[in-house]
Amino acid sequence: WLKPRQVSFDILWPVPTCARPRGRSRASALVGALVHADAMAQKMILKCSKTGRLFFSAEEAQEHAEAFGKEYANFEEVALDHKVWVCVETGRPAYSEAEMQRIKARDPASKTFEERTVEYLLDLQKRKEKASAQKNQFLDSVDQKKLEALTTVKGHGQIRAAKALQATKDKGSLDAAEAWLAEHVGDVDLDKLTDEYLQSVFSAPSGGSVDVTMADAEADAPMADAPDDRKVGDPNPPEIKEKINQDLLKQVMEMGFSELRAEKALYKTDNASVDHAVNWLAEHMEDADIDLPLKPTPVVPEKPKMSKEEAEAKALELQKRLRQKRAEEEKLTEKEKERMRIESTKMMMEANEKLKEEERKRAIEQLKREKDAHEEHKRQLKEQMRLDYIERFGREPPPEEEVQADAVKEKSSKDQVAFYLGKLKKTYATSDPEGLKTCLSTLKIYCKNLMDNPQDPKFKKLKLDNKAFQNRIAPFDGAIDFLDVMGFEKKEDCLEQRKSVPDGWLCGNAIRFIDLMLGQL
């Protein structure tokens with residue numbers, strides 16, 4: 001009864017009162033809602049509305065939202081039967097037909113797509129995780145020291161080396177492993193861990209597994225320290241000398257090392273190679289017991305044998321602990337990988353933003369250069385026109401103000417009204433906005449009086465010595481030119497309307513222009 005279809009991690013999911021079924025207490029309803037919501041969070045498959053990426057848990061979606069911000073914090077719940085398309089050649093999924101077409105256009109290798117469901121992707125992910133876990137389990141099951149010797153010293157691949165050690169674990173020597181590799185060098189799947197091979201390894205008879213796990217269990221048993229009576233100059237114990245490769249020992253001694261030190265180095269490196277032995281000697285040259293013989297291998301008293309059922313139970317317990325430990329380590333590794341991926345994505349996004357900012361600055365600088373070049377070109381053309389005028393007429397061209405005034409007089413009355421009003425605004429809007437408002441309001445009153453009372457003679461004259469005229473009209477350049485366009489011509493002591501009947505249409509347009517300009521101010 002609580003099924004959110006649109007999920008956002010900006011806020012916590014509320015539990016509305018209306019969602020509680022009848023007949024249940026408030027506490028029980030709230031507990032039921034939380035349990036249901038938690039179950040859904042574990043089973044939900046969410047799809048990012050921004051990128052289309054699928055998340056198989058609420059935790060993954062939460063981390064995605066926190067990493068990329070609010071724009072990526074909206075998700076939709078996707079059903080298991082929701083359609084997806086999977087590329088046959090590359091295995092890449094597409095979550096919509098449009099995305100499938102984009103992948104085909106960008107990647108020539110992606111040609112064929114099969115229609116699948118989200119459930120298929122979920123099963124595929126589980127199979128991949130299971131295969132990865134089985135591979136790691138297999139690699140961890142062999143002797144790591146011998147595996148390193150085969151891979152780093154002998155140059156074999158990790159998987160084929162692990163297979164050789166697994167096949168020759170009863171013999172327990174590098175020579176046996178190399179002999180196995182030489183015998184199976186032609187195998188097609190030598191470097192592959194197939195399901196059949198892993199199943200055969202993990203389903204081996206219980207005796208082999210019991211031996212391994214029992215050895216591990218016995219290795220953990222505490223041993224009593226024997227008295228140390230070793231002296232400098234004493235040879236290594238015979239049981240240790242028997243385990244030393246004599247050819248390698250001879251090569252190490254030829255380099256100037258004593259027999260005791262050479263034996264200790266080869267014993268500690270499991271006769272891997274001369275290089276390993278020399279490196280061990282270099283690392284332990286300053287050890288206090290470097291010239292003391294190795295301690296003899298203690299004789300472990302034979303423990304009472306366990307029954308087959310007890311041994312199997314012990315082996316299963318140890319394997320369970322090993323699996324739990326490995327799962328925890330894998331989980332930590334995956335979290336660290338995801339953290340690094342998020343950090344790299346953030347760094348990439350910051351780099352992209354910085355690149356865009358630099359491009360914007362370059363575009364602004366380019367526009368400024370183009371504007372300066374345009375102004376320079378305009379200045380050069382103006383100077384060239386001035387020189388042409390002087391060459392043609394033998395004198396300087398008239399000032400721009402006169403040329404502009406002549407051009408304005410050739411316009412219609414309406415355009416002249418708009419020009420002079422615009423001149424007033426351009427000149428005084430910043431320097432004297434209040435005075436400009438008063439001037440425009442006074443001009444509006446003059447025009448309105450002419451339009452409403454065209455025959456009244458008192459509105460057809462404006463005295464120049466009037467105090468209101470001197471304060472509101474005369475100081476503003478362009479105001480008297482505006483009145484001239486409206487039909488007022490200058491007499492000795494006044495401005496008098498030259499027309500017997502003023503132009504009402506022109507007065508109406510002038511009033512509309514003034515109202516518009518006052519609204520902008």
Side-chain angles (χ1 to χ4, degrees), residues 136 138-183 185 211-301 322:
N136 294 333
F138 171 69
L139 294 176
D140 291 342
S141 66
V142 300
D143 190 315
Q144 299 300 307
K145 188 184 296 184
K146 292 184 175 65
L147 179 64
E148 181 183 2
L150 286 175
T151 54
T152 59
V153 180
K154 304 299 182 181
H156 297 292
Q158 187 183 39
I159 294 179
R160 62 169 59 187
K163 281 186 173 182
L165 293 173
Q166 173 66 25
T168 60
K169 65 180 179 180
D170 295 336
K171 299 179 180 180
S173 65
L174 291 175
D175 294 337
E178 288 192 283
W180 187 92
L181 285 171
E183 182 181 353
V185 69
D211 291 340
V212 175
T213 54
M214 286 300 297
D216 295 338
E218 292 174 359
D220 295 334
M223 298 295 296
D225 293 333
D228 190 359
D229 54 356
R230 296 176 298 165
K231 298 177 183 179
V232 176
D234 290 346
N236 284 313
E239 61 268 23
I240 291 179
K241 285 180 173 291
E242 293 175 356
K243 298 180 180 179
I244 304 302
N245 187 308
Q246 297 302 314
D247 293 335
L248 295 179
L249 175 63
K250 183 178 179 181
Q251 295 179 38
V252 176
M253 291 178 62
E254 288 176 353
M255 295 182 180
F257 297 100
S258 65
E259 182 180 4
L260 183 116
R261 291 191 179 187
E263 289 176 349
K264 290 180 71 173
L266 291 171
Y267 180 83
K268 292 294 186 179
T269 58
D270 200 20
N271 295 315
S273 68
V274 175
D275 292 338
H276 278 67
V278 173
N279 290 336
W280 186 92
L281 285 168
E283 294 174 358
H284 298 80
M285 189 65 69
E286 302 299 328
D287 290 357
D289 60 344
I290 187 64
D291 291 317
L292 291 176
L294 292 169
K295 290 183 178 181
T297 306
V299 178
V300 180
L322 181 62

- Query: What pairs with Glu183 under side-chain contact (heavy atoms from CB on, under 4.5 Å), at least two apart in sequence or on another chain?
  - Reply: none
- Note on the structure: Residue pairs meeting salt bridge (Lys or Arg N to Asp or Glu O under 4.0 Å), one or both in residues 269-289, sequence neighbours left out, come to Lys146-Asp270
- Message: Going by salt bridge (Lys or Arg N to Asp or Glu O under 4.0 Å), name the pairs with one or both residues in residues 257-269, residues two or more places apart or in two chains.
- Response: Lys241-Glu259, Lys241-Glu263, Arg261-Asp291
- Item | Polar side-chain atom of Asn271 near backbone of Asn245 as donor-acceptor pair, under 3.5 Å | yes
- Message: Using every non-hydrogen atom in the two residues, find where Ala161 and Leu147 come nearest and quote the distance to one decimal.
- Response: CB-CD1, 3.8 Å
- Item | Least distance between heavy atoms, Leu139 atom then Ala162 atom | CD2-CB, 3.7 Å
- Write down the atom of Ala177, the atom of Leu150, and the distance for their closest heavy-atom approach. CB-CD1, 4.1 Å
- Message: Which heavy atom of Ala164 sits nearest to which heavy atom of Leu181, and what is that distance?
- Response: CB-CG, 3.6 Å
- Task: Test Leu281 against Val252 for side-chain contact (heavy atoms from CB on, under 4.5 Å), laying out the working first.
- Result: CA-CA 10 Å; Leu281 285 168; Val252 176; 4.3 Å; yes
- Message: For Asn279, give me all partners under side-chain hydrogen bond (donor to acceptor under 3.5 Å, both in side chains), at least two apart in sequence or on another chain.
- Response: none
- Message: Test of understanding: with side-chain contact (heavy atoms from CB on, under 4.5 Å), list the residues that count as partners of Gln246, not counting sequence neighbours.
- Response: Ile244, Leu249
- Message: Filter on ring pair (Phe, Tyr, Trp, His ring centres under 6.0 Å), then keep only pairs touching residues 154-183, sequence neighbours left out; what's left?
- Response: Trp180-His184
- Taking the side chain from Glu178 and the backbone from Ala176, do they hold a donor-acceptor pair closer than 3.5 Å? no
